[in-house]
Each structure stands twice: as C-alpha cells, then as structure tokens.
Amino acid sequence: MQEKYHPQEIERQARQSWQETGIFNATEIPDKPKYYCLSMFPYPSGKLHMGHVRNYTIGDVLSRYRRMQGYNVMQPMGWDAFGLPAENAAIQKGVPPAKWTYDNIAYMRSQLQSLGFAIDWQRELATCDPQYYRWNQWLFLRMLEKGIAYQKTQVVNWDPVDQTVLANEQVIDGCGWRTGAVVEKREIPGYYLAITRYADELLADLEKLPGWPERVKTMQANWIGKSFGVDITFPPDTASGMPQALKVFTTRADTLMGVTYVAVAAEHAVALHAARSQPDLAAFIESCRQGATMEAELAVQEKKGMATGLYVLHPLTGERLPVWVTNYVLMSYGEGAVMAVPAHDERDFDFARQHSLPIKPVIRPENGELSVPLIQAFTEYGVTFNSARFSDLKSSEAIDAIAVELGQKALGEKRVRYRLRDWGVSRQRYWGCPIPLIHCDNCGVVPIADDQLPVVLPEDLVPDGSGNPLAKTPSFYECTCPCCGRQARRETDTMDTFVDSSWYFIRYACSDQPAAMTDQRANYWLPVNQYIGGIEHAILHLLYSRFWSKVMRDLELVSFDEPFANLLTQGMVLNEIFFRKTGSGRIQYFNPAEVDVQHDAEGKRSGAILRADGQPVESGGIGTMSKSKNNGIDPQEIIEQYGADTARLFMMFASPPTQTLEWSDAGVEGAFRFLKRLWRQVYLHKQQGGEAAATTTPVPYQEYPADLRDLRCQLHQTIVKVTDDLERRHTFNTAIAAIMELMNELSDVQGTHPAARQLMQEALENIVLLLSPIVPHICHALWRELRPGTELLDQPWPQADDQALIQDEIEIVVQINGKLRGQIRIAREADRPAVERAALEDEHIQKSMAGRPVKRIVVVPGKLVNIVV
RNA sequence: GCCGGGAUGGCGGAAUUGGUAGACGCACGGGACUCAAAAUCCCGCGAUGGUGACAUCAUGGGGGUUCGAUUCCCCCUCCCGGCACCA
C-alpha cells in the first residue's frame with residue numbers, strides 16, 4: 001500500500017474497474033426490489049457547473065446506498081439537447097446547432113464519468129435524437145386524435161429576445177424564464193395541449209405524493225388554482241342596444257344583490273361591439289392593449305374604464321346595470337366579464353369610487369354591523385342583508401339559495417374553475433422537435449402517417465438570427481399532401497423543449513426499444529423512486545411531466561398515475577462576489593479563486609485582496625454562481641487539483657442537500673485533509689499488522705478492555721446514525737460528521753494489542769463501507785487493502801451489532817432547576833430510586849444544592865435527572 | 001396584499017419526539033517537528049467576571065406554557081422563496 005493518498009491514480013483505477021465489470025448496468029430482476037434513482041438531466045451547455053455536480057452527487061449517494069442495501073438500482077443519464085442556446089451559439093460561431101450540441105455532450109459525458117457516478121450508460125439518450133423525438137411526434141398525433149392537442153389563435157406571451165412564444169408557466173414576473181426579457185402580448189396561431197382537462201386530477205393527486213416537499217405541492221396547487229363558484233348570466237337590455245347576454249363567473253354569489261355594474265375586459269366581444277360605434281371607446285381599448293404588455297405591471301397599474309352606454313338586466317331583480325369596459329378584468333380567466341360588487345370587492349370598490357358608481361352593501365359581519373359609509377370594501381364572508389328574500393342568510397347558505405334560484409330561471413349554475421391554462425407548445429424556432437403536421441390548401445391540417453415518422457429535423461442548418469431557418473428551407477417545408485397529393489407546406493414550428501423532458505424518465509426504461517414508445521420495462525422501473533433536481537422546476541417541468549404521464553396512462557402506454565414517488569429539491573450553489581469600482585464608475589468582478597480572504601488574530605474577517613496585484617477588493621455578498629458576477633468555480637479544476645472524491649465530499653458535507661450551499665476553498669481543503677487522514681489511518685493500521693488480526697484468533701468482545709468496548713459501541717451507534725441519515729433524513733452532512741467523530745476517537749487507539757487491532761480492522765472496514773456512497777473511489781482502493789481479494793461493491797451495507805449497542809454503564813445528566821450541574825455514570829438497568837439516589841449523592845450536586853430542600857425530582861430514563869429545589 | 005420557509009459563535013452548520021445549546025468542519029491562537037517554511041501532529045477556542053474551582057448571560061426582539069423551550073403558543077422585526085387585478 002502506498003503511504004500517501006494519490007487521488008488521480010486511485011480514481012482512475014476505480015473507474016476502470018467499474019467500467020470493465022459493467023457493474024452499474026441495470027437489468028430487470030422481477031424478484032428483487034427495484035430502486036429507480038433519477039437526477040434531472042442536464043442541458044448540454046458546454047461544461048458541467050457546480051449545480052450539476054451537487055445534483056448528481058446526491059443521486060449517486062442514494063443510488064450506491066440502495067445498491068448496498070440490496071435493491072436493484074437503476075441510475076440513468078441523458079441530455080435535454082434541444083433548445084435555444086444551441087441556436088445562439090450557432091449564430092455566434094457559424095456552427096450548426098447539432099454539432100455544437102453533440103460536442104458538448106461528448107465533453108460533459110467525460111466530465112460526469114470522471115466524477116465516478118454509478119450510471120448505467122447503456123440507457124443514455126439525447127432528446128435531439130430522431131429515435132427519441134419520433135415518439136414526441138407519435139404521442140402528439142395520439143393527442144390530436146383525442147382532442148388533447150388542438151390548434152387555436154390567441155393572445156400569447158412573446159419573448160422578443162428568443163423570438164418565440166412562451167407558455168404561461170415560462171413567464172416569470174412578466175419576463176421570459178430563459179432570457180429575462182419583458183414579455184409582449186401577440187396574437188398568434190399555435191398548438192395547445194389540454195392540460196386543463198387534467199386540472200382536477202393533477203390537483204387531487206398531489207395527495208398521493210407524501211414524498212414530495214409541501215412547498216412544491218402548494219406551488220402546484222396554487223398554480224392550478226381551483227375555485228368553486230357560480231356562472232351567472234345577465235340578460236341583455238336590448239333597448240340599450242346590448243347585443244347579447246353577459247356571462248360572468250363569481251365565487252361570491254352571496255353578493256349578487258349588491259351588484260351595481262358589470263365590467264368586461266377590453267378584448268371582450270361586447271367591448272368590441274360597442275367600440276364600432278364609439279371612436280373614443282375604440283381608442284381606450286387600443287390603449288389597454290398596448291399598455292398592458294407586462295404582466296407584472298398589470299397588477300399595480302391604475303384602474304381605468306369607460307362606460308359603453310349598454311345595459312344588462314339583473315338576473316333576479318331585472319334592474320338595469322351599466323356595462324363598463326375596464327383594464328382590470330382579464331380576458332384569460334373566466335368569461336372575461338365580472339359582476340361588480342363595490343361594497344364587497346376591493347377592485348370594484350376602487351373603481352366605483354373613481355367613477356362615482358353606486359356602492360350597495362349586502363353583507364355584514366356575522367356578529368356586528370357594517371360601519372357605513374364604507375371606507376373600504378368588506379370582503380369577508382358574513383350574513384346577507386338588504387337582499388330581499390335572500391337576506392339574513394350566512395354567505396354559504398346565500399350562495400346555495402341564489403344558485404338554486406338562478407338554476408330555476410336558467411340564468412346560472414354552480415361551476416368549478418381553474419387558473420391553469422392549456423399548454424401552448426408551438427415554438428417559432430429551429431432547434432426543436434418538428435410538429436408532425438402538413439398544411440394543405442385543400443385538406444386543411446393533415447397529420448403525418450405513423451409509418452412516416454419521424455419528421456426529421458435537418459441538422460445542417462445554420463441560423464442567422466432572423467426568424468426560423470426551417471421556414472426558409474424549401475427542402476424541409478415543401479411537401480405533398482398525403483390526402484390529395486397536391487403541393488402542401490410542412491409545419492415549421494417546433495415543440496417546446498419541455499415536451500422533450502416530460503417523459504424522458506420513462507424512455508430510460510426502454511431506450512433501446514425501436515418499435516414503440518414504451519414497453520413493459522417501463523412498468524417495472526417506474527415510478528421513479530427518488531427524483532432529484534432544482535426547485536426552479538417546481539411548476540414547469542414537474543407539472544408537465546405529471547400531465548404527460550397521465551396522458552400516457554390514458555393511452556395505456558404505462559400503468560402508473562404519478563411519475564415521481566419522492567422528490568428532493570436541492571438548494572443552489574452560492575459563492576462570494578468580489579468587485580472593484582473602476583475609475584469610470586463601472587463595476588469589475590473578480591473570481592473568488594483569484595482573491596485571498598484575510599483574517600485578524602481573532603479569526604474574524606478583515607478584508608480581501610486580489611492575488612494578482614495585492615490590492616484590496618470589495619465584497620458584494622453571497623450569490624448564486626453566475627457568469628455575470630464572475631463567481632463561478634469550474635468543477636473540472638477542483639477535480640484535477642483534489643480529485644472527484646474531495647469535490648463530492650465537500651458538497652455533501654457543507655450543508656444539507658435541500659439548503660443552499662456556500663462554496664468555500666478552505667472547506668474543500670478540509671474535505672481533502674479528511675480523506676488524507678483516512679488513507680493514513682488505514683496505512684498505519686496495516687503497518688501494525690492490521691488486517692491479519694481480523695482473521696487469526698479473534699478476541700471475544702466480552703474480553704475487550706472497557707475503553708475498547710465503549711469505542712465499539714460508538715462504532716455501531718455510528719452505523720445506526722449514518723443509515724438513518726442516508727435513508728430517512730437525507731442529511732449527508734450529519735452522516736459525514738458522525739464518521740469524522742468516530743475517526744477522531746479511533747486515532748487514539750494505539751499499539752499492536754490483538755483486541756485493539758481487531759477493533760481497528762472492524763472500525764475501518766465499516767467506515768469505508770459507510771463512506772463509500774459518498775467517496776466511492778478512495779473506498780474502493782481502501783477496501784482492497786483491508787480485505788485483499790474482495791471487492792467493495794460486492795459488500796452489503798453494514799448492520800449494527802445490537803449487542804455492541806448495549807452499554808453496561810450509561811452517563812446520565814443531572815440538572816438542578818433545569819440547569820446542568822453534573823453527570824453521573826450508572827448501571828444501565830438501575831431503577832428510578834437508584835438513579836435518584838446516585839444523583840443526590842453526587843459531589844457536584846451536593847455542592848450546588850447547598851442544602852436547599854428537594855421539591856421534586858424528574859427522571860427521564862437513560863437520559864437525565866432534574867432536581868427541583 | 002396573500003401563502004410558505006427561515007434568523008443559532010468570527011464563518012458553514014449540529015442539536016431527529018420538549019431533555020447536556022454550539023456536534024463536525026473552517027478560520028484563528030498556542031505548542032511539537034523543521035535551519036526555515038509548507039505539510040503533519042497535539043492543545044485551546046460563544047460572551048462576561050474570576051488565579052482557580054466556578055458563576056452569570058446567551059439560539060432575531062418581547063411575552064407565555066413547562067421541572068425543563070433553539071424546539072410549543074401569542075405579538076413584533078428583518079431576510080428568502082412562490083403567487084398576485086383569478087372575480
């Protein structure tokens with residue numbers, strides 16, 4: 001055995017050994033419990049970043065742990081390979097996106113392999129592979145047949161930078177999720193997937209996901225936004241010229257008797273009708289359309305409106321109610337029209353005040369009166385009044401009674417509505433999955449026949465930054481209609497890349513299946529037992545994938561309802577930001593790797609200097625690693641300097657996986673130091689006749705000296721703790737801390753005494769096994785030293801020896817009035833009176849009590865005694 | 001505005017079901033080894049007072065429940081995340 005730890009060499013050897021045996025290639029074994037462990041696949045952007053390393057290390061630790069526990073583990077990897085960065089790189093460098101993407105995949109694959117992840121590379125897939133995306137197209141056609149996919153023209157979110165449409169989920173604070181550009185409204189035809197058909201199930205099934213973080217489930221529930229209410233029809237006052245009845249949706253039918261006007265969105269048919277004869281109204285509508293480009297601005301912008309001169313009739317009283325066009329009613333929710341109840345709705349209240357519309361209170365608090373005149377809307381539930389025969393009812397009763405009355409008049413019914421909108425999947429971009437349709441002047445939209453799939457995306461186009469290159473490539477779009485044989489045009493829009501990622505985890509189960517989208521292996525492996533990824537996909541990818549799985553289930557392609565049984569959302573990787581203000585007032589950022597942080601004699605931070613010039617730099621706080629702040633650390637450099645195990649150990653140790661992780665060079669050094677100590681400990685043990693002790697005449701545990709018995713107890717307690725931390729808590733940081741603690745104790749064990757060597761052998765073997773999911777390479781090498789001729793990966797996860805966990809004497813804490821005042825050692829089986837007696841007799845306790853009388857003694861068995869004086 | 005999560009030494013974090021606050025690591029200080037430095041090893045390390053044994057204070061702030069509260073309850077401050085004219 002080498003005296004020193006040489007990570008590069010041992011890591012290369014370990015990886016070679018795993019590769020030769022193909023040990024991580026998974027097959028379906030019916031009689032073994034399966035464990036499908038999945039980390040979100042990367043976009044092949046060029047090289048791995050620390051977020052990837054963290055993500056895949058978490059997955060690898062869990063995979064390797066489960067493997068040792070006897071599970072049939074599958075951990076696959078692939079590439080989310082379609083997307084805009086490829087096109088942008090192509091525009092800049094003049095290289096086709098395909099080449100750029102495949103080159104990146106090759107490099108990043110080698111990086112992942114150098115990190116030693118236990119991945120089944122036989123199942124690797126890339127979403128830009130025609131053999132993958134043909135099944136996107138195939139399923140899209142099935143959806144088309146079922147009416148789940150359909151075409152419509154509507155106002156959409158337009159990203160002016162990426163020059164494409166975005167789905168609602170992809171608009172964050174009014175900006176594109178990728179570019180951050182302010183989203184515009186445009187009216188464009190496109191294809192939609194009817195995710196709203198599944199709204200109710202997507203919401204209800206969140207309850208089938210106890211293994212998901214509450215936070216993510218809440219976010220999805222809010223996004224789906226189910227609300228119960230009543231659809232109400234307001235008949236037209238034809239005398240005023242009102243052309244049609246107005247349908248509204250309300251959750252507060254109990255306030256119906258307080259309606260004083262009706263408001264419609266600027267895009268509403270009634271508004272457009274009225275505008276035809278009223279130029280000023282037309283101008284107002286136009287200004288609404290232009291002003292309201294940014295979603296976030298909508299909420300804060302001033303409420304504006306204009307009367308149409310049209311009237312509707314109150315469905316119960318027949319009263320004439322004016323119709324207003326306003327900018328605060330959304331066309332995209334409900335019917336694009338609302339009944340306005342100023343007394344009981346904040347928005348209506350503001351608007352009514354501005355435009356001097358009547359305010360009619362009809363709800364009062366259950367125990368009390370409404371103070372009039374109202375200073376603000378009373379929006380809570382309460383009791384009706386001033387509502388004719390619907391007075392003096394609780395809100396819930398009034399809603400029911402009014403709904404029944406409206407039902408009898410055929411002017412309303414109870415209705416459930418969702419905030420969720422259908423998923424627009426058309427993208428006016430090149431590097432994506434072609435939508436398999438043909439437009440024929442004669443036959444309309446014609447789907448491609450299944451046996452003609454895939455519609456292959458040409459891989460040699462170089463976009464120039466102006467529009468979709470597919471639309472400028474006749475060899476792609478020129479075709480003949482499959483129905484009538486005449487000249488036709490192929491659809492040049494491609495699918496949202498979130499389509500690709502909505503089912504890749506199913507395809508891993510059968511990525512070599514040429515004849516079908518899935519086969520029975522999908523039902524063996526799925527659902528994914530543990531999914532790991534960033535919280536940023538809480539809605540987007542995770543909601544789409546759930547929807548897609550349910551569609552596939554209804555098409556009888558898979559048999560599960562939910563794709564991901566357990567979800568772990570990892571925290572982001574942060575690093576300090578350093579900068580200087582240059583003379584011209586510009587800010588120049590410096591990479592933390594080029595900066596030395598200084599400390600004073602008390603260990604507090606005193607400043608930071610740039611190594612290159614020795615001059616100070618300012619700290620800009622801690623932030624996510626990003627190019628713009630120049631605070632990223634390249635994982636490759638860490639791997640080359642310290643080895644993959646150090647990188648993995650540091651990331652798992654610095655914080656629990658769900659929390660943010662602060663990068664620290666010193667912390668990396670510390671992790672490296674620990675591995676060096678571990679290596680040395682095994683080396684020294686072998687020098688002292690080490691592993692022979694385990695095989696020759698063993699000393700019975702009962703004959704161990706007391707200190708070794710205690711140490712052996714700690715060893716087995718550590719096994720229990722690490723197992724629990726990995727299995728249940730997923731707190732790898734505390735698991736590592738417990739092993740470090742044990743190592744610290746172990747380093748005191750000296751000498752060649754057989755029992756000492758025997759214990760050392762037992763401890764080191766177990767430490768190597770416990771650490772192996774986290775730092776597999778060094779453990780692979782150390783195991784060969786501790787047990788020559790055997791392989792670590794053939795070993796099961798260690799089991800604690802129950803006998804070792806039982807201590808004859810235990811330590812009990814003694815408190816006086818809840819404050820720690822002493823410790824006593826006492827026999828494990830000592831009864832309550834004995835414990836009390838021992839506590840009272842203790843010298844320290846006697847002194848602290850100073851003769852005060854005992855009022856009461858609280859005993860927590862095995863833990864503490866509290867003496868109340 | 002609504003919903004959720006959080007605040008613990010110089011720093012990252014630990015304390016799992018109300019039971020020893022600060023595990024483990026980093027930084028820092030002291031020592032050993034060395035011509036010297038690095039590396040390594042040993043010791044110390046919340047604050048205040050005390051030579052010391054020890055005492056007091058301390059988990060964002062204030063109050064409460066309890067023999068005992070970082071943990072439970074009420075109020076407040078600040079930070080982070082999500083949603084936001086959703087009728």
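First the proteins, then the strands, lettered A, B, ... as listed; each starts at 1. The figures here come from the full heavy-atom set of this structure, side chains too, leaving out hydrogens, waters and symmetry mates.
- Atom CD1 of A:I535 and atom C1' of B:G4 are 11 Å apart (whole Å).
- Comparing B:C57 with B:G68, their P atoms are spaced 14 Å from each other, to the whole Å.
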Between the protein and nucleotides 52-58 of chain B, which nitrogen or oxygen pairs are less than 3.5 angstrom apart?
from, atom 1, to, atom 2, distance (Å)
B:U56, OP2, A:R821, NH2, 3.2
B:C57, OP2, A:K819, NZ, 3.3

What does the list of N/O pairs under 3.5 Å between the protein and nucleotides 22-28 of chain B look like, with a distance for each?
from, atom 1, to, atom 2, distance (Å)
B:A23, O2', A:E741, OE1, 2.9
B:A23, O2', A:E741, OE2, 3.1
B:G25, OP1, A:N744, ND2, 3.4
B:C26, OP1, A:R673, NE, 3.1
B:C26, OP1, A:R673, NH2, 2.5
B:A27, O2', A:H599, ND1, 2.9
B:A27, O2', A:G603, O, 3.4
B:C28, O2', A:A601, O, 2.1
B:C28, O2', A:G603, N, 3.3

Report task. Would you mind building the protein contact string for nucleotides 64-69 of chain B? One character per nucleotide, 5' to 3', B for base within reach (heavy atoms under 4.0 Å), S for sugar-phosphate only, - for untouched. Result -> ---BS-
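- Under the salt bridge (Lys or Arg N to Asp or Glu O under 4.0 Å) criterion, A:R728 pairs with A:D724, sequence neighbours left out.
- Within residues 221-230 of chain A, the residues that place at least one heavy atom under 4.0 Å from RNA chain B are, in residue-number order, A:S227.
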**Report entry** RNA chain B base-pair string [pairs: Watson-Crick or G-U under 3.5 Å; |: paired with another strand]
**Finding:** (((((((..(((......[....))).(((((.......))))).((((....))))..(((((..]....))))))))))))....
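- Contact check, A:K676 against B:U40: a side-chain N or O comes under 4.0 Å of OP1 or OP2.
- Among the protein residues, A:E346 comes within range of no part of the nucleic acid, since none of its heavy atoms lies under 4.0 Å from any strand.
- Residue pairs meeting the ring-ring contact (aromatic ring centres under 6.0 Å, His included) criterion with at least one member in residues 326-352 of chain A, sequence neighbours excluded: A:Y261-A:F351, A:W324-A:F351, A:Y328-A:F351, A:F351-A:H355.
- For A:R677, the salt bridge (Lys or Arg N to Asp or Glu O under 4.0 Å) criterion is met by no residue, not counting sequence neighbours.
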Which atoms of nucleotides 70-73 of chain B (N or O only) lie under 3.5 Å from a protein N or O atom, and what are those distances?
none

Identify every side-chain donor-acceptor pair in residues 850-867 of chain A under 3.5 Å, counting partners at least two apart or on other chains, and give the distances.
from, atom 1, to, atom 2, distance (Å)
A:R852, NE, A:M849, O, 3.0
A:R852, NH2, A:S848, O, 2.9
A:N866, OD1, A:N817, N, 3.4
A:N866, OD1, A:G818, N, 2.9

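- Residues passing the salt bridge (Lys or Arg N to Asp or Glu O under 4.0 Å) test with A:K414 are A:D400, sequence neighbours excluded.
- Taking A:E413 as the reference, nothing meets the salt bridge (Lys or Arg N to Asp or Glu O under 4.0 Å) condition, with sequence neighbours excluded.
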